Amino acid sequence: MNSSPEQIRTAEGRLASGFVREVEQAISAKNKERVIELAGSLHEADLGELIEYLHSNDRIALVSLLGDAFDFTALTEVDEPIRNRLIEAMPDQEIADGISELESDDAVQILEDLDQQEQEKILSQLPSVDRVQLRRALEYPEDTAGRLVQTDFVAVPPFWSVGQVIDHLRASEDLPERFYAIYIVDPGFRLLGSIPLDRILTTPRSTKVSQIVEEARHLVRVTDDQEEVARLFERYNLVSVAVADDSDRLVGIISIDDIVDVIQEEVEEDMLAMAGVGDEEISDSVFEIAKLRIGWLVVNVFTALLAASVISLFEDTIELMVALAVLMPIVASVGGNLGTQTMTVSVRAIATQDLGRRNLLRVLRRETLVGGVNGLAVGLLVGIIASAWFQDHNIGLVIGAAVFVNGVCAGLFGLLIPYTLERLRVDPAIASSVFVTTVTDVVGFFSFLGLAAWWFQLPM
């Protein structure tokens, strides 16, 4: 008995735990018919989610039991480590047969994470046309438009009529699974323009396509960065875009479904980088994750030593006034949070190209003022609390002033540090956090302890 959609998914759209248990039981019993009944018709995204839920051995068994019913597109929906382990467990010929059924961009996504030797073993078993196309795509640098190209598209000469195009579409057995435009090319396969499908369907059959062709306004090069392509889709609300090589020959298209994946990938990458955790997946092992995270933690040790050295300059001051030691973490914490807020906004603005030389001073002034206003507001609050806590309005005045100074510096350096790193061609998402935190700690400790030593006439 087939499981209904309600049984397969929860109200949130995730796979139901009961359904996953049914699949696990069928795999454990090696019941091929039941596995195909449960998982054979799942959408590629749901099949990928199911694979990630299963234990390692069950994943391999699921693919084996599904046999020809296994949709290789599901491999593009799982984490890279899981995908690679599954491919390692499958015969090369089976992988080649599965990849040959995929769109070229999906096939590239599966192959690009394999080592060169494994790629060649699989490519050698593909039909020559597919092999040439995939090899060419894999030669393009990672994260470029060339890796996203779908080589299945419809191109016709400019002298055809609309009727000829429609007849060609009806008669052809080798059309892309989905397409949104017809591309017009010259004899050298250089792009002349495109015609949306709705325009084709609403134009008289006798009309020449050259009369209704739209000029290619948004042509992407194979070497363009995928972030730039995603920004193009976002800016002009595109559904698909043509991709040309360095000789202006049309090599394929990129469609919106691939760009949605790019946008998600870039956002996740920036979020992880800002936390200093690297390019890790939820399925990675303990050792792999620890190795990815340790680098910036080591850097942070040395930057923390810098902050500690500032505190050591005021040892005598702290010994005479214990309240300073109690309140120091507050100054650093508030400054760190203010700096992180500015840094996050700045990194995002740099990534979307909303921040540059033309508006740097204006944004810098704004963020410094915001840091000062918030520093003043939080400083007043902390000052009142400190005054009541230690029954001394002087200590409240000192810490309030220190929080204000640190707030101004947090706004200033929370923008300047990411911008400077970007100018030095260092990814600001990766390196900004450590340096902004160090600056706010050093400035916070120095301003608080320095003001206290001056105000209370304590030795330094």
Side-chain angles (χ1 to χ4, degrees), residues 41-49 51 63 66 68-80 83-84 86-87 90 93-114 119 122-123 125-156 168-169 172-183 185 189 191 194 197 220-222 224 226 229-230 232-233 238-245 249-265:
S41 59
L42 286 178
H43 185 274
E44 63 206 46
D46 293 327
L47 183 55
E49 184 181 353
I51 290 171
V63 174
L66 282 174
D68 293 339
F70 177 68
D71 183 356
F72 264 74
T73 313
L75 292 179
T76 66
E77 302 288 339
V78 302
D79 292 344
E80 179 186 330
R83 178 166 61 244
N84 290 344
L86 284 173
I87 290 175
M90 298 168 67
Q93 186 59 57
E94 184 179 341
I95 299 170
D97 292 342
I99 284 179
S100 65
E101 300 296 324
L102 299 179
E103 294 182 349
S104 56
D105 57 321
D106 290 331
V108 168
Q109 185 178 345
I110 292 172
L111 289 170
E112 65 183 355
D113 297 322
L114 304 177
Q119 284 181 9
I122 296 170
L123 288 170
Q125 300 181 56
L126 292 173
S128 58
V129 175
D130 293 341
R131 183 166 62 248
V132 170
Q133 289 178 342
L134 291 177
R135 275 188 176 142
R136 182 172 59 179
L138 289 167
E139 288 173 357
Y140 299 124
E142 287 189 36
D143 300 330
T144 59
R147 291 290 183 100
L148 302 174
V149 166
Q150 297 177 24
T151 54
D152 296 327
F153 58 93
V154 181
V156 300
H168 169 69
L169 294 178
S172 178
E173 297 179 357
D174 193 26
L175 291 176
E177 184 177 344
R178 290 186 181 85
F179 59 100
Y180 309 98
I182 307 298
Y183 296 94
V185 294
F189 226 73
L191 182 67
S194 63
L197 280 180
V220 170
R221 300 291 176 182
V222 288
D224 287 351
Q226 64 179 19
V229 179
L232 188 70
F233 271 77
L238 302 178
V239 177
S240 64
V241 68
V243 183
D245 61 17
R249 286 172 52 87
L250 181 63
V251 298
I253 64 167
I254 297 176
S255 56
I256 186 63
D257 58 318
D258 298 308
I259 293 301
V260 170
D261 292 336
V262 169
I263 293 171
Q264 181 179 0
E265 176 188 326

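Only heavy atoms go into these numbers, but all of them, side chains included; no hydrogens, no water, no symmetry mates. Predicted, not measured: the structure shown is a model, and the values here were computed from it.
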Exercise. Counting only N and O atoms by type, is there a donor-acceptor contact under 3.5 Å from the side chain of Arg249 to the main-chain atoms of Ala244?
Worked result: no
Problem set entry | Other residues, nucleotides, ligands: >12 heavy atoms within 6.0 Å of Arg178 CZ | no
Problem set entry | Trace of the side-chain contact (heavy atoms from CB on, under 4.5 Å) decision for Ile122 with Leu114 | CA-CA 10 Å; Ile122 296 170; Leu114 304 177; 3.7 Å; yes
Seminar exercise, completed: Output for pair (Ile263 CD1, Ile256 CD1), nearest 0.5 Å, gives 6.0 Å
For this session: Using modelled atom types only, decide if a donor and an acceptor are shared between the side chain of Asp130 and the backbone of Pro127 within a distance under 3.5 Å.
Result: no
For this session: Say whether, by atom type as modelled, one donor and one acceptor occur between the side chain of Gln150 and the main chain of Asp105 under 3.5 angstrom.
Result: no
Exercise. Measuring from Ile95:CD1 to Leu126:CG, what's the distance to the nearest 0.5 Å?
Worked result: 10.5 Å
Exercise. Can you tell if the side chain of Phe72 reaches within under 4.5 Å of the side chain of Asp106, non-hydrogen atoms only?
Worked result: no
Seminar exercise, completed: From the list Ile259, Leu238, Asp224, side chain to side chain contact (heavy atoms under 4.5 Å, CB included) partner of Ile254 resolves to Ile259
Exercise. Would you say Arg147's side chain and Tyr140's backbone share a donor-acceptor pair under 3.5 angstrom?
Worked result: yes
For this session: Without swapping roles, check the side chain of Gln109 against the backbone of Thr76 for a donor-acceptor pair under 3.5 Å.
Result: yes
Exercise. If you round to the nearest 0.5 Å, how far is OG of Ser240 from OH of Tyr183?
Worked result: 3.5 Å
Exercise. Does any donor atom in the side chain of Thr151 or Gln133 lie under 3.5 Å from an acceptor atom in the other side chain?
Worked result: yes
Problem set entry | Criterion side chain to side chain contact (heavy atoms under 4.5 Å, CB included) against Val149, the qualifying member of Val243, Thr144, Val220 | Val243
Problem set entry | Donor-acceptor pair, side chain of Ser104 and main chain of Asp152, under 3.5 angstrom | no
Exercise. So how far is it from Leu148 CG to Ile253 CD1, rounded to the nearest 0.5 Å?
Worked result: 12.0 Å
For this session: Using atom types as modelled and distance alone, determine if a side-chain donor or acceptor of Ser172 lies under 3.5 Å from a backbone N or O of Leu169.
Result: no
